[in-house]
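Report on the structure given below.
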Amino acid sequence: MGRKLLLEKAHVEGIRYYDVYRREGGYRSVEKALKSMTPDEVTEEVKKSGLRGRGGAGFPTGMKWSFLAKPEGVPRYLVVNADESEPGTFKDRYLMEFIPHILIEGIITSSYALGANSAYIYIRGEYAWIPDILEQAIAEAKNNGWLGKNILGTGYNLEVYVQRGGGAYICGEETALIESLEGKRGNPRIKPPFPAVKGLWDCPTVVNNVETIAAVVPIINNGGDDYAKIGVGRSTGTKLMSACGNINKPGVYEIDMNISVEEFIFSDEYCGGIANGKRLKACIPGGSSVPILPANLLLKTAKGEQRMMHYEGLSDGGFATGSMMGSGGFIVLDEDQCIVKHTYTLARFYRHESCGQCSPCREGTGWMEKILWRLENGQGKLSDIDLLVDIQSKIEGNTICPLGDAAAWPVAAAIRHFRDEFEWHVNNPKECLQRNYGLAHYADPIHVPTPA
Amino acid sequence: MVQFSQENLAKVQEIIARYPEGRQKSALMPLLHLAQEQWGWLSAETMDYVAGLLKLEPIEVYEVATFYTMYNLKPVGKHVFEVCHTGPCMLRGSDDILAYIKEKLGIGVGETTVDGLFTLKTAECLGACGYAPMMQMGKYYKEHLTKEKIDRIIEECRTQAAANN
C-alpha cells in the first residue's frame, strides 16, 4: 500500500465540509505558512519537494513560481487550471467534488507564497455542479477566517473566485485560459511574454493545475524533503491517476511513483485487471495526446526491463518505444478494440477542439479526421497511412500552442506501433466492417537485442 | 424586451464585483451562462442585452458565444442529452447508447423531438471517462449508462412534463 497524501482522507464521512476537513487536520499548512514562514520560504519548500506540474507538462512548480515577476504596485494572480479536458483525465474533478477544501487550502498557501491577493479557479463549464461545491467551501473557509481580510491576523488578504468555462479543451492551455478568463475566445497567446511576466490583465500570473496546488498542502505540512523522499529520481511525491477503458476498476488512484505499470493494471489495489477476462492490447498512459503503446512495450521497456509508473519510466525509450506521464489519464484497450477507430475518435476530438488560429492545426486536424474515417470504414488506400504520417509531422512543432502536437502524436504513435492494423483495414475493406483486427502480435514478448 | 430577472440582476452585480475595476469583460462568460439558464438559449437580442450590461460591443459577445460549444445559439428541447463519444467512452459502448437513444426518441444527432421535450447531441470528452458510457443532461452527468437507465431517464422526463401540463 503506497502512501496517500491527497486522497488519504477521501473516504472520511463528510470530508467535503469544513468542520470535518478541519477536524481531520485541514488548514494546518495555512497556519504554518502564514504564521511561521516568509513567502519565499514557502516557495523554497515547493522547490525542494521536486513537485512537477500535474496538468501534463510536468514543469517544476517551484521554478515556475520563482519566475513570477514582482514589480512594485502591480497585482499578481494565482489562476487554478481546473479545465480538465484531456480525454482519459478526471482526477481533478474527483478532488474538487469530494475534497474541495484541500484545493482551497492549497490556494491560500500558494497565493501567500506568490503574493497574490486574488485567485481564480477556472473550471471547465461542463462540470456545472462543481462550482456550487467550491463556492460553498470558499464561503465556509471565509466564515472561519481563512479567507478575506487580515487572515489569521497576519495582515494578508485573499479572495478566491470560481469562473466557469464554456466547453473548450483549448482553455486548458494556460494562455488560452487567461484569454477566456478575460472574457474572450480561447485563442492561445504567443509566448514570450510568459504569464509569469504578463498574464491575467497583463499582470504577473501563475497558472497551476488543481492537483499541483493541492499537493502544496502536504509539502508545507511535512516539508519539501519529506515529499521528495516518495517516488524515484525526478518523479517525486504521489500522482493521481485516472484509469479508464476496459479495466475492472476504473477510477482515480493515488500512486507512489515507484510501482510498475503491470502492478497498476493488474493488482486489485488499482485497476484490477482487464475487464471480462480479456487480454490487454494497448494503453495510452497519460491522457489522449501521449503516445499509445502496444501491450508488450507498455509492460516492458525496449531494454526488456519492467516499465515503471513515473515520468522517466513512462517516457523510457522516447517516442520510438515509450510514452509519457502526461496528465495521468490512463486509457486501457482490450483485445477486442480497434486501434483505427479509437484513433479516429481522438482525431475527431482534436479537430473539434482546435481553436482555428494556426493553419497547420486547423486544417490538419480536419484532414486527419477525414482520412481516419475512411480507413475505419473500409474506404482507405495504403497511401493514406503515409499521408497521415506526413500531415501529423507538419502540424507538430508548427503551432502557437501544444494542441497541434497533442493532435499529431496520437496519430503518429498509432501508426508507428499498429501499422499492420491500419494496412489490414485497407486490404480487407469489407471484413474490417464486420470484425476487428484483434490482439494480433501486440502482446508478444519483444526481442531484446543482446550485446555481441 | 429581454431583461434578467431581479434575482439574476443581483447576481450580475455580484459577478462583476469579482474582477478589478474596468475588467468587467471577464463577466461575459458567466453572464452568458446565466442568460442561458434563464432563457434556455442565446438569441441575438439576448447577446445585445448582455453587451449593453457590460458596456461591450455586440461583436465581442457574438465572437465569444460562437466559440464555446456550451452556448446554444438556437432553441433546444427542454432536456438536452449530450452523449460523450470520445475514445474512452467509445471503448465502453457509447456507440450503442447513442444508437439506442436515437431509436427510442426517433431523432438524429442535432435534432429535437416534435414535442420539444428532447434534443440529442454528441459531445467530446466530458471528463467522466471512468464512469463511461455517460452523457450530460443539463447541469448534471448521467453516468454508467445502460439501455434500462436510458429508459428510466426518458420516462422520468415525460412524467415530469405531463405533471407540469
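Throughout, protein chains are lettered first and strands after them, A, B, ... in sequence-line order, and every chain is numbered starting at 1.
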Item checked: Interface residue of largest heavy-atom contact number with chain B, from R164(A), Q337(A), R348(A), under 4.5 Å -> R348(A)
Note to self: Quick check: do F330(A) and I265(A) have side-chain heavy atoms less than 4.5 Å from each other?
What the structure shows: yes
Notebook entry, point to check: For T89(A), is it the side chain, the backbone, both, or neither that has a heavy atom closer than 4.5 Å to a heavy atom of chain B?
Noted result: backbone
Margin query: For A407(A) versus Y350(A), what's the shortest heavy-atom pair and its separation?
Written below: CB-CB, 3.5 Å
Check: Ring centres of Y131(B) and F90(A) under 6.0 Å apart?
Finding: yes
Check: Could R23(B) and E182(A) be called an ion pair, given the rule that one side-chain N must be under 4.0 Å from one carboxylate O?
Finding: no
Check: Where on A128(B) is there a heavy atom nearer than 4.5 Å to chain A: the side chain, the backbone, both, or neither?
Finding: both
Next item on the list: Output yes when a side-chain donor or acceptor of T345(A) lies under 3.5 Å from a complementary backbone atom of H342(A), and no otherwise.
Entry: yes
Item checked: Residue part contacting chain B, namely of Q163(A), when any heavy atom lies under 4.5 Å -> side chain
Check: For chain A, which of L32(B), L56(B), V64(B) has the most heavy-atom pairs under 4.5 Å?
Finding: V64(B)
Check: Given that the side chain runs from C-beta out, which part of D83(A) has a heavy atom under 4.5 Å from chain B: side chain, backbone, both or neither?
Finding: neither
Note to self: With a 4.5 angstrom heavy-atom cut-off, is it the side chain or the backbone of Y161(A) that approaches chain B, or both, or neither?
What the structure shows: side chain
Notebook entry, point to check: Given the options H85(B), E82(B), Q24(B), Q136(B), which has more heavy-atom pairs under 4.5 Å with chain A than any of the others?
Noted result: H85(B)
Checklist line | Contact origin within R93(A) toward chain B - heavy atom pairs under 4.5 Å | finding: side chain
Next item on the list: Identify whether the distance between the nearest side-chain nitrogen and carboxylate oxygen of E254(A) and K91(A) falls below 4.0 Å.
Entry: no
Notebook entry, point to check: For the rings on Y49(B) and F4(B), is their centre-to-centre separation under 6.0 Å?
Noted result: yes
Notebook entry, point to check: Which region of Y94(A), side chain (C-beta onward) or backbone (N, CA, C, O), has a non-hydrogen atom less than 4.5 Å from a non-hydrogen atom of chain B, or is it both or neither?
Noted result: side chain
Next item on the list: With a 4.5 Å cut-off on heavy-atom pairs, point out which of K184(A), E159(A), E84(A) contacts chain B the most.
Entry: K184(A)
Notebook entry, point to check: Taking H352(A), K341(A), E86(A) one by one, which has the highest count of heavy-atom pairs under 4.5 Å against chain B?
Noted result: K341(A)
Checklist line | Contact winner vs chain B - G329(A), P75(A), G88(A), heavy-atom pairs under 4.5 Å | finding: G88(A)
Check: Measuring heavy-atom distances to chain B, does K249(A) have an atom under 4.5 Å in its side chain, in its backbone, in both, or in neither?
Finding: neither
Check: Heavy-atom distance under 4.5 Å to chain A: side chain of E63(B), backbone, both or neither?
Finding: both
Notebook entry, point to check: With a 4.5 angstrom heavy-atom cut-off, which part of C355(A) approaches chain B: side chain, backbone, both or neither?
Noted result: both
Check: Any idea which heavy atoms bring K11(B) and L34(B) closest together, and the distance?
Finding: CD-CD1, 3.9 Å
Item checked: Parallel, tilted or perpendicular: ring planes of F264(A) versus Y270(A), cut at 30 and 60 degrees -> tilted
Next item on the list: Decide, yes or no, whether a salt bridge links E353(A) with R124(A) under the criterion of side-chain N to carboxylate O below 4.0 Å.
Entry: no
Margin query: I need the residue from A168(A), P250(A), G356(A), P87(A) with the largest number of non-hydrogen atom pairs under 4.5 Å to chain B.
Written below: P87(A)
Next item on the list: Pick one of side chain, backbone, both or neither for Y77(A), based on which atoms fall under 4.5 Å of a heavy atom in chain B.
Entry: side chain
Notebook entry, point to check: Among G166(A), G167(A), A275(A), S288(A), who wins on heavy-atom pairs under 4.5 Å with chain B?
Noted result: G166(A)
Item checked: Which atoms of L91(B) approach chain A - backbone, side chain, both or neither, heavy atom under 4.5 Å -> both
Margin query: Distance check, rounded to the nearest 0.5 Å: I331(A) atom CD1 versus I247(A) atom CD1?
Written below: 10.5 Å
Check: Considering residues at least two apart in sequence or located in another chain, which fulfil the ring-ring contact (aromatic ring centres under 6.0 Å, His included) criterion with Y122(A)?
Finding: none
Item checked: Portion of S180(A) that has a non-hydrogen atom of chain B nearer than 4.5 angstrom -> both
Margin query: I'd like to know whether NZ of K104(B) has more than 12 heavy-atom contacts from other residues, nucleotides or ligands below 6.0 angstrom.
Written below: yes
Note to self: Using side-chain heavy atoms (C-beta onward) and a distance below 4.5 Å, is E126(A) in contact with Y141(B)?
What the structure shows: yes
Next item on the list: Say whether N164(B) and K78(B), considering side chains only, have a donor N or O and an acceptor N or O under 3.5 Å apart.
Entry: no
Check: Of the backbone (N, CA, C, O) and the side chain (C-beta and beyond), which part of V160(A) lies under 4.5 Å from a heavy atom of chain B, both, or neither?
Finding: neither
Item checked: Residue among K25(B), E60(B), M29(B) with most heavy-atom pairs under 4.5 Å to chain A -> K25(B)
Next item on the list: Name the region of L200(A), side chain, backbone, both or neither, that has any atom closer than 4.5 Å to a heavy atom of chain B.
Entry: neither
Next item on the list: Can you tell which part of Y169(A) gets under 4.5 Å to a heavy atom of chain B, answering side chain, backbone, both or neither?
Entry: neither
